[in-house]
**Student:** 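I'd like to ask you about the structure that follows.
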Amino acid sequence: MFRLPIHKKGRPLRSQVVDLCPDFYSALLALLDQIPDDMVTVPVLLASAMGDPVAESAVKEALKREMFHSYRERVVPKPDSSDSHIFSGFRGKRLLEEMAGDQEERGKRVVITSLLERDGLIAGVDASYKGDTAYAACVVMNRDLEIVDSASTTIEARFPYIPGYLSFREAPGLLSAVSKVSGFDVLMVNGHGIAHPRRCGLASSVGLEVDKPTIGVARRPLVGEVGKIRGVLTPLIFDGLAVGAEVKRSEGPPIYVSVGHRIDLEIAGRITRETWRRGRLPEPLRSAHYEAQTAKRRDS
DNA sequence: GCGACAG
DNA sequence: ATCTTGTCGC
């Protein structure tokens with residue numbers, strides 16, 4: 001029977017992703033405390049000090065939270081032309097830079113293989129949010145796409161959504177939900193696998209943890225360009241490599257599939273096409289999304 | 001240089 | 001992802 005290594009007989013959660021999931025908000029607080037009393041700063045400088053300017057909007061969102069109420073006047077929206085008192089001398093470790101380095105390392109551990117013993121049971125996992133409270137659900141379907149098992153959990157996310165860093169927000173909840181179902185052959189995750197700037201998107205992070213064949217499926221690409229049609233799949237090219245593929249149906253917008261872990265693009269694409277019947281995502285993900293929404297509704 | 005940017 | 005009413009269409 002499938003079992004996740006993160007529940008050690010009632011011990012606290014342990015896994016690489018969970019261990020490496022730092023608290024974004026405490027790190028931001030530590031930076032805000034460095035601003036001298038007679039100075040202010042701007043969001044992009046805080047994001048850069050955290051290690052990646054891409055986090056600018058996440059910083060802006062965070063500053064709206066109650067937790068940062070007393071720091072609101074220390075951050076101005078734009079660098080005022082007349083102001084020479086914009087602080088930028090932040091010190092300390094760059095959290096996002098370390099996390100990106102970790103993704104690069106884990107991306108190298110992703111296994112791409114055409115060996116897939118069975119694919120009779122397909123699991124889908126997804127999460128819904130109410131603020132930072134995550135409601136994650138995992139459903140298991142048979143070949144006829146009938147639900148044979150499902151589970152959901154709720155957990156507090158300690159990290160905001162930042163493009164390229166989604167796994168640090170979502171993986172803990174998804175892993176918890178996945179650990180509650182009895183078993184499956186392939187896992188489908190709502191997000192990219194190796195079609196990621198550092199070859200380690202949400203689907204790869206989750207796949208490496210559960211050590212099962214894992215597929216990443218997303219509605220929009222994060223990196224890469226759609227290449228020339230090659231057979232039934234249109235490759236998504238990034239850095240000169242086919243890191244994923246665009247999957248089309250007769251009608252409606254396409255979706256993007258990539259290797260999460262222990263699978264290859266052809267098989268991942270085949271399973272994605274075989275399970276995509278209606279709507280914007282394949283059935284395992286539609287189902288998991290519905291269950292996650294239901295769990296959230298039930299809670300409030 | 002500026003904007004875009006999985007969920 | 002989430003905030004949100006009615007509304008266009010099969």
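Here is the naming used below: chain letters follow the sequence lines, and residue numbers restart at 1 for every chain. When reading the values below, keep in mind they use all heavy atoms of this one structure, side chains included, and skip hydrogens, waters and symmetry mates.
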**Student:** How are the rings of A:Tyr165 and A:Phe159 set to each other: parallel, tilted or perpendicular (split at 30° and 60°)?
**Tutor:**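 Ring orientation, 0 to 90° scale: tilted.
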**Student:** Send over the distance from A:Tyr129 OH to C:dC3 P, rounded to a whole Å.
**Tutor:**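 The distance from OH of A:Tyr129 to P of C:dC3 comes to 14 Å, rounded to the nearest Å.
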**Student:** Taking the side chain as every heavy atom from C-beta outward, state whether A:Arg280 and A:Pro253 have any atom pair closer than 4.5 Å.
**Tutor:**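 Yes; the side chains approach each other to less than 4.5 Å.
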**Student:** Using 4.0 Å as the upper bound for N to carboxylate O, is an ion pair formed by A:Glu246 and A:Lys248?
**Tutor:**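 Between A:Glu246 and A:Lys248 there is a salt bridge, with a charged N closer than 4.0 Å to a carboxylate O.
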**Student:** By nearest atom, which of the nucleotides B:dC5, B:dG7, C:dT2 is closest to the A:Ser128 side chain?
**Tutor:**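 Of the options given, the side chain of A:Ser128 lies nearest C:dT2.
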**Student:** Supply the atom-to-atom distance A:Arg143 CZ to A:Ile122 CD1, rounded to the nearest 0.5 angstrom.
**Tutor:**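 Going from the CZ atom of A:Arg143 to the CD1 atom of A:Ile122 covers 6.0 Å.
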**Student:** Find the distance A:Tyr165:OH to B:dG7:C1' and express it as a whole number of Å.
**Tutor:**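 One finds 16 Å between C1' of B:dG7 and OH of A:Tyr165, rounded.
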**Student:** Nearest whole angstrom, please: distance from the P of B:dC5 to the NE2 of A:His192.
**Tutor:**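 For the pair A:His192 NE2 and B:dC5 P, the rounded distance is 12 Å.
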**Student:** Just how far, in rounded Å, is P of B:dC5 from CG of A:Leu202?
**Tutor:**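 Result: 19 Å.
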**Student:** Could you state the atom-to-atom distance from CZ of A:Arg198 to P of B:dC5 in whole Å?
**Tutor:**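 After rounding, the gap between these two atoms is 17 Å.
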**Student:** For the pair made of CD in A:Glu61 and P in B:dG7, what is the distance, rounded to whole Å?
**Tutor:**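 In whole Å, B:dG7 P and A:Glu61 CD are 18 Å from each other.
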**Student:** Is A:Gly216 touching bases, backbone alone, or none of the nucleic acid, heavy atoms closer than 4.0 Å?
**Tutor:**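 Touches nothing.
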**Student:** In whole angstrom, give the distance that lies between atom CD of A:Gln293 and atom P of C:dT2.
**Tutor:**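 Roughly 5 Å, once rounded to whole Å.
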**Student:** A:Tyr135 OH to C:dT2 C1': how many Å, rounded?
**Tutor:**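 Taking atom C1' of C:dT2 as the reference, OH of A:Tyr135 is at 14 Å.
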**Student:** Considering just the side-chain nitrogens and oxygens of A:Lys130, establish if one lies under 4.0 Å of OP1 or OP2 belonging to C:dA1.
**Tutor:**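 The answer is no; no side-chain N or O of A:Lys130 sits under 4.0 Å from OP1 or OP2.
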**Student:** Measuring to OP1 and OP2 of C:dA1, would you say a side-chain N or O of A:His289 lies under 4.0 angstrom away?
**Tutor:**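 Answer is yes, contact under 4.0 Å.
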